[in-house]
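One structure is given here, and the rest of the page talks about it.
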2 protein chains.
Amino acid sequence: MPNVVGGMAPDRNRRRIPDATVSRLPVYLRILSEQGDEGVDSISSERLAELAGVNAAKVRKDLSYLGSYGTRGVGYEVAYLVYQIRRELGLTHDWPVVIVGAGNLGQALAGYGGFSERGFPVGGIVDIDESKVGTVLGGVRVRHIDELPQIVQTKRVNIGVIATPGAAAQDAADRLVRAGVTSILNFAPTVLSVPRGIEVRKVDLAVELQILSYHEQRKAGATVHAVPGGGPRSATA
Amino acid sequence: MPNVVGGMAPDRNRRRIPDATVSRLPVYLRILSEQGDEGVDSISSERLAELAGVNAAKVRKDLSYLGSYGTRGVGYEVAYLVYQIRRELGLTHDWPVVIVGAGNLGQALAGYGGFSERGFPVGGIVDIDESKVGTVLGGVRVRHIDELPQIVQTKRVNIGVIATPGAAAQDAADRLVRAGVTSILNFAPTVLSVPRGIEVRKVDLAVELQILSYHEQRKAGATVHAVPGGGPRSATA
DNA sequence: CGGGCTTTGTGAACGTGTGCACGAATGCCT
DNA sequence: AGGCATTCGTGCACACGTTCACAAAGCCCG
Ligand SMILES: NC(=O)c1ccc[n+]([C@@H]2O[C@H](COP(=O)([O-])OP(=O)(O)OC[C@H]3O[C@@H](n4cnc5c(N)ncnc54)[C@H](O)[C@@H]3O)[C@@H](O)[C@H]2O)c1
Ligand SMILES: NC(=O)c1ccc[n+]([C@@H]2O[C@H](COP(=O)([O-])OP(=O)(O)OC[C@H]3O[C@@H](n4cnc5c(N)ncnc54)[C@H](O)[C@@H]3O)[C@@H](O)[C@H]2O)c1
């Protein structure tokens, strides 16, 4: 396997973890944390799989990417597993985020305690609308978007959240990248174009609903369902 | 807890569209709609791929599941493609949704126009907290959760949105299913257990942020290589 | 201390998704 | 009409993800 030659002295077992696994680790982590709080200190892959709604073999394979931290015949020590997953996900310290767009959604996000609770405190909120600047959301004052670079620098922000209308999302992304942010969570229904190396994840409510719609329509498919007003509609989907 | 597994009746399967494709069709649809509004009436797979941030061959393969609606040497007729995708996704008619939980997030969702604009009008909002009942959000009056069955029936709701705290999410899901809802969009950070045949999609903010955290932590491990300033843009999904 | 029971860790088979490469179809131009 | 430039549709190979199945590794108990 062609590996990157580490310039760093001691090799810290930096295997690459498959994307599918990375997206499940947070789920395991939450479940394990809950179990730990409830006094459970050992858990089998079967039980964890049940709680996570996945296959037990998948759980074991996922966890095996972290190393061999289970005990055969017994299971996994909850506290230790929590520690290992947190370490692997980079959750050993906080990651302040900056929210761009103090509208409907931005306000909900800012007011949501679960953010900082999980290690992602709101380091700042910015908006382009002067009338929004100065208002306080979730204990954080909204500042003008021109102050973005300062906020990113002083608060050492790596993660930006885009909560602007779709038309402004690319602009927001450009500003975030210029300010030094290297990961973006995008709530706007827009495909962003960013430089290589910038990680973008999209949360698109409409897409989710339309996927559900597809399945609903499919369930109804047994009975042929002609829709009133047939013919192509020019749509604003 | 039995989860949804493979192994369905093969005879009922008329042309099934791969999940990965289904999740991209809404993206194509939005882009095509925009292009249509801008007066574009024909588009190549290459152009659509560029706008969607994906590979052109993937676009063609995706669209081929709908049938052969392109013209070789020319491209796809935008209006017709919009019509076909809408039909396949079941967007030829509205799908009213019911929101459970009129808190921070529920209010943002209810006040968000993009919902009904895209064919998912808010058919109702319910909460268990009496003090929330009666308030009006986005033109819809919040009702008590006990009225859920009635709302689902009269408004013919198939899709439920869970915006309650995690601890109440399973209860909300149970009530939705009992009321007759067959698709659920879950914003609570909880794995839901539902009967077979009920479609569940999860939107978990914390998971998304933790995935970003993983990548940030990973970048920090390989310090030396700085990103070339003003480098080329690549549309990475 | 050894046999039996449980559960992990992983090789291998299988399934799904992606992207290349190219034949086939179509429009346009001479 | 025929040739040429495009662009679709898809077979194929490969990468990635999931699941099965089982040996290896540990604990318990007599
Ligand atoms: N509200 C929801 O429940 C919801 C749900 C799903 C998706 N979304 C998406 O989230 C985004 C925001 O939705 P919303 O309801 O909060 O919209 P909104 O209009 O209430 O808020 C948008 C905010 O962004 C600000 N803004 C505009 N251009 C900007 C720019 N260039 N830089 C910085 N700030 C800028 C505006 O001043 C405004 O305050 C939209 O893209 C929407 O599609 C919202
Ligand atoms: N606010 C956000 O920006 C945000 C972001 C991501 C995820 N979430 C998730 O969304 C969910 C809601 O968040 P929120 O900030 O709106 O919380 P919230 O506490 O503001 O609102 C929750 C609402 O649900 C109601 N409720 C409680 N139990 C109920 C039940 N059994 N049936 C019906 N209603 C019930 C409560 O009365 C309350 O009105 C949480 O699970 C949260 O983790 C919120």
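Note on naming: letters A, B, ... go to the chains in the order of the sequence lines (proteins, then strands), and numbering restarts at 1 for each one.
Residue contacts shown for A/Ala57 include a base, since a base heavy atom lies under 4.0 Å away. Across all strands, B/Arg47 comes closer than 4.0 Å to no nucleic acid atom at all (heavy-atom distances).
With respect to the salt-bridge test (charged N to carboxylate O, under 4.0 angstrom), the residues B/Asp171 and B/Arg175 qualify.
Nearest nucleotide to the side chain of A/Arg60, out of C/dG9, D/dC27, D/dT10: C/dG9. For A/Lys58, taking side-chain heavy atoms from C-beta onward, the closest of the listed nucleotides D/dC20, D/dT18, D/dT10 is D/dT18. Side-chain atoms of A/Asn55 lie closest to D/dC20 of the nucleotides D/dC20, C/dG17, C/dC20.
Distance CG (A/Leu63) to C1' (D/dT18): 15 Å, rounded to an integer number of Å. Distance B/Ile43 CD1 to D/dT7 C1': 13 Å, rounded to the nearest Å. Atoms OH (B/Tyr65) and C1' (D/dG9) sit 12 Å apart, rounded to a whole Å. Atom C1' of nucleotide D/dG9 and atom CD of B/Gln84 are separated by 16 Å, given to the nearest angstrom. At whole-Å resolution of the value, CD in B/Glu46 and C1' in D/dA5 are 14 Å apart. B/Glu77 places its CD atom 13 Å from the P atom of C/dG27, with the value rounded to the nearest Å. The CG atom of A/Asp19 sits 15 Å away from the C1' atom of D/dT18 (whole-angstrom rounding). Counting to the nearest Å, the C1' atom of D/dG26 and the OH atom of A/Tyr69 are 19 Å from each other.
At C/dG9, one or more side-chain N or O atoms of A/Tyr76 fall inside 4.0 Å of OP1 or OP2 (strictly under the cut-off). Side-chain N/O atoms of B/Ser45 include one lying less than 4.0 angstrom from OP1 or OP2 on D/dC8.
Within 3.5 Å, no donor on the side chain of A/Lys61 pairs with an acceptor on the base of D/dT18, nor the reverse.
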Going through the checks in order, is the salt bridge (charged side-chain N to carboxylate O under 4.0 Å, His left out) test met by B/Asp19 and B/Arg16? CA-CA 9 Å; B/Asp19 288 347; B/Arg16 217 202 107 215; 3.5 Å; yes
Given the rule in the salt bridge (charged side-chain N to carboxylate O under 4.0 Å, His left out) test, do A/Arg178 and A/Asp174 qualify, once you have shown the distances and angles that lead to the verdict? CA-CA 6 Å; A/Arg178 247 182 284 130; A/Asp174 292 344; 5.0 Å; no
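No donor-acceptor pair closer than 3.5 Å links the side chain of B/Arg201 to the backbone N or O of B/Leu185.
Along DNA chain D, the nucleotide nearest to B/Ser68 and the one nearest to A/Arg72 differ in position, and the one closer to the 5' end is contacted by B/Ser68. Nearest-nucleotide mapping onto DNA chain C: of A/Gly73 and A/Gly67, the residue sitting toward the 5' end is A/Gly73.
Between the OG atom in A/Ser45 and the OH atom in A/Tyr76 there is a gap of 5.5 Å [rounded to 0.5 Å].
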